[in-house]
There are 2 protein chains.
Amino acid sequence: MRAADRETAIRAAALRIFRRKGYDAASMQEIADAVGLNKGSLYYYISSKQELLVRLFEGRAEQVLGEMDTAASRPGTPRERLRAIVRVYVLGVLRNLDAVHVYVREEHSFPRTALQQVRRTHQAMRDHFERVIVDGMRQGDFVERDSKLATLALLGTCTWVHRWYRPGGRLTETAVADDFAERAVRMLCA
Amino acid sequence: MRAADRETAIRAAALRIFRRKGYDAASMQEIADAVGLNKGSLYYYISSKQELLVRLFEGRAEQVLGEMDTAASRPGTPRERLRAIVRVYVLGVLRNLDAVHVYVREEHSFPRTALQQVRRTHQAMRDHFERVIVDGMRQGDFVERDSKLATLALLGTCTWVHRWYRPGGRLTETAVADDFAERAVRMLCA
DNA sequence: CTTTCTACCGAACGGTCGGTCTGCTAATGT
DNA sequence: ACATTAGCAGACCGACCGTTCGGTAGAAAG
């Protein structure tokens with residue numbers, strides 16, 4: 001197997017096992033078994049367990065943030081833009097179910113610098129929500145209320161999806177995203 | 001120090017430390033240090049680390065569920081009842097911030113029987129939400145949409161509070177609860 | 001004063017963990 | 001034909017973990 005494939009396999013196995021057992025409870029031996037390697041051989045590809053954890057999230061949040069950027073910059077009423085942003089965010093959660101789960105759980109195990117990086121990205125996402133909400137309130141599309149609380153309420157709805165969504169179940173990803181986008185608008189309208 | 005006080009102190013310390021470091025990463029030594037005991041002496045009061053974890057949640061969910069029962073059984077329109085239920089639930093989360101945090105994080109570390117017990121209680125809470133939502137749709141108070149998705153959206157908003165609320169900050173507990181109760185109604189109304 | 005019981009200490013145990021080190025093997029480059 | 005190196009196995013280390021246990025100071029009971 002090529003080296004790049006091994007790395008991918010190791011990360012995939014680690015993500016799966018961290019999700020199932022948690023970061024601390026998961027052992028490097030289990031990850032090694034899952035990819036068919038000896039435990040010590042893992043350290044040919046990674047430098048530490050913590051670094052492996054952090055690497056699992058590389059690019060994911062930035063990818064979703066990029067999609068939110070374009071969704072937010074398209075012309076349209078605040079209602080339309082909110083719908084688009086919510087859709088993109090929910091789909092981002094749904095397409096990274098395991099990663100979101102592990103991040104929410106293990107955020108505190110991150111080293112300081114990596115944590116700051118991810119936090120910045122998340123803050124940027126929150127800003128997208130809040131900006132369109134404030135815009136909507138100014139233009140009269142949305143009812144005037146605490147915009148920060150509105151943002152947190154919305155983020156809660158959308159992020160919590162990772163706790164109950166089961167792929168292959170009754171609902172497709174887009175069905176959930178569309179439904180929540182509509183609900184978000186309703187929650188804010190007068 | 002009296003034995004009952006010690007037990008209380010141990011649980012308080014464990015809850016605090018589990019919240020800060022996670023169940024697996026927290027050591028019995030830290031808990032012992034926090035209450036001023038030798039590590040081994042903890043086992044005079046508890047039988048295992050896992051049992052200590054489970055005991056932290058005794059009665060909490062049942063307490064909130066009881067309050068939801070009374071809130072749901074009071075007469076009133078679905079709007080009023082929904083408001084009351086959301087209020088009680090959010091306040092329940094806010095008054096048990098650490099416990100909710102640890103539970104969400106360590107649910108998978110619970111032994112089977114304890115897990116089933118807590119899951120039943122949570123299911124009962126979800127049923128309260130869904131029932132009043134379905135009632136409201138039937139009576140025309142709420143717009144007809146997928147009631148299960150509405151329940152999950154609402155639960156997400158209310159439960160996610162534990163991730164961002166900081167006691168002593170800008171918002172009081174009742175301020176958040178009241179605001180979210182109002183938002184819940186808006187999200188469901190036509 | 002003696003016995004009993006409570007609350008606790010200190011040491012140790014078996015086991016697991018993340019991580020290191022040495023060296024083999026097969027492929028690759030020259 | 002030879003040297004080099006990537007890729008990996010397997011033994012191993014020190015640290016730390018949850019848990020157990022023999023023992024004991026001091027209060028309470030008799």
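The analysis underlying the following values was restricted to heavy atoms, covering all of them including side chains, and did not include hydrogens, waters or symmetry mates. Reminder, nothing fancy here: chain letters follow the sequence lines and each chain counts from 1.
Counting to the nearest Å, the P atom of C/dC8 and the CD atom of B/Gln29 are 16 Å from each other. Separating the CG atom of A/Leu53 from the P atom of C/dG18 is a distance of 12 Å, rounded to the nearest angstrom. What separates CG of A/Leu52 from P of C/dG19 is a distance of 10 Å, to the nearest Å. C/dA7 atom C1' lies 13 Å from atom CD of B/Glu7, rounded to whole Å. Atom CG in A/Asp24 sits roughly 17 Å away from atom P in C/dT16 (whole-Å rounding). In this structure, A/Arg6 places its CZ atom 7 Å from P of D/dA9, rounding to the nearest Å. In this entry the distance linking CD of B/Glu51 with P of D/dG18 reads 15 Å, nearest Å. Atom-to-atom, OH of B/Tyr45 to P of C/dT6 comes out at 12 Å; the value is rounded to the nearest Å.
By the 6.0 Å contact criterion, CZ on A/Arg20 is enclosed, its count of non-hydrogen atoms from other residues, nucleotides or ligands being greater than 12.
For the pairing with A/Tyr103, the ring pair (Phe, Tyr, Trp, His ring centres under 6.0 Å) check across A/His162, A/His108, A/His122 returns one residue only, A/His122.
Against DNA chain D, the stretch residues 30-43 of chain A makes heavy-atom approaches under 4.0 Å through A/Gly36, A/Leu37, A/Asn38, A/Gly40, A/Ser41.
For B/Ser48, counting side-chain heavy atoms from C-beta on, the closest listed nucleotide (C/dG18, D/dG7, D/dT19) is D/dT19.
At least one side-chain nitrogen or oxygen of A/Tyr44 sits closer than 4.0 Å to the OP1 or OP2 atom of D/dG7.
Annotation for B/Arg11 and B/Leu56: closest pair O-CD2, 3.4 Å, computed over non-hydrogen atoms.
A donor-acceptor pair is defined here as one N or O able to donate and one able to accept, closer than 3.5 Å; such a pair exists between the side chain of A/Thr157 and the backbone of A/Ala153. B/Tyr23 places a side-chain N or O within 3.5 Å of a backbone atom of B/Gln50 that can act as its donor or acceptor partner.
Within the nucleic acid shown, B/Ala26 comes within 4.0 Å of sugar-phosphate atoms alone, with no base atom in reach, counting heavy atoms only.
Aromatic ring centroids of A/Phe180 and A/Tyr89 lie 6.0 Å or more apart.
Side-chain contact annotation: B/Ser48 with B/Tyr43, donor-acceptor N/O pair under 3.5 Å absent.
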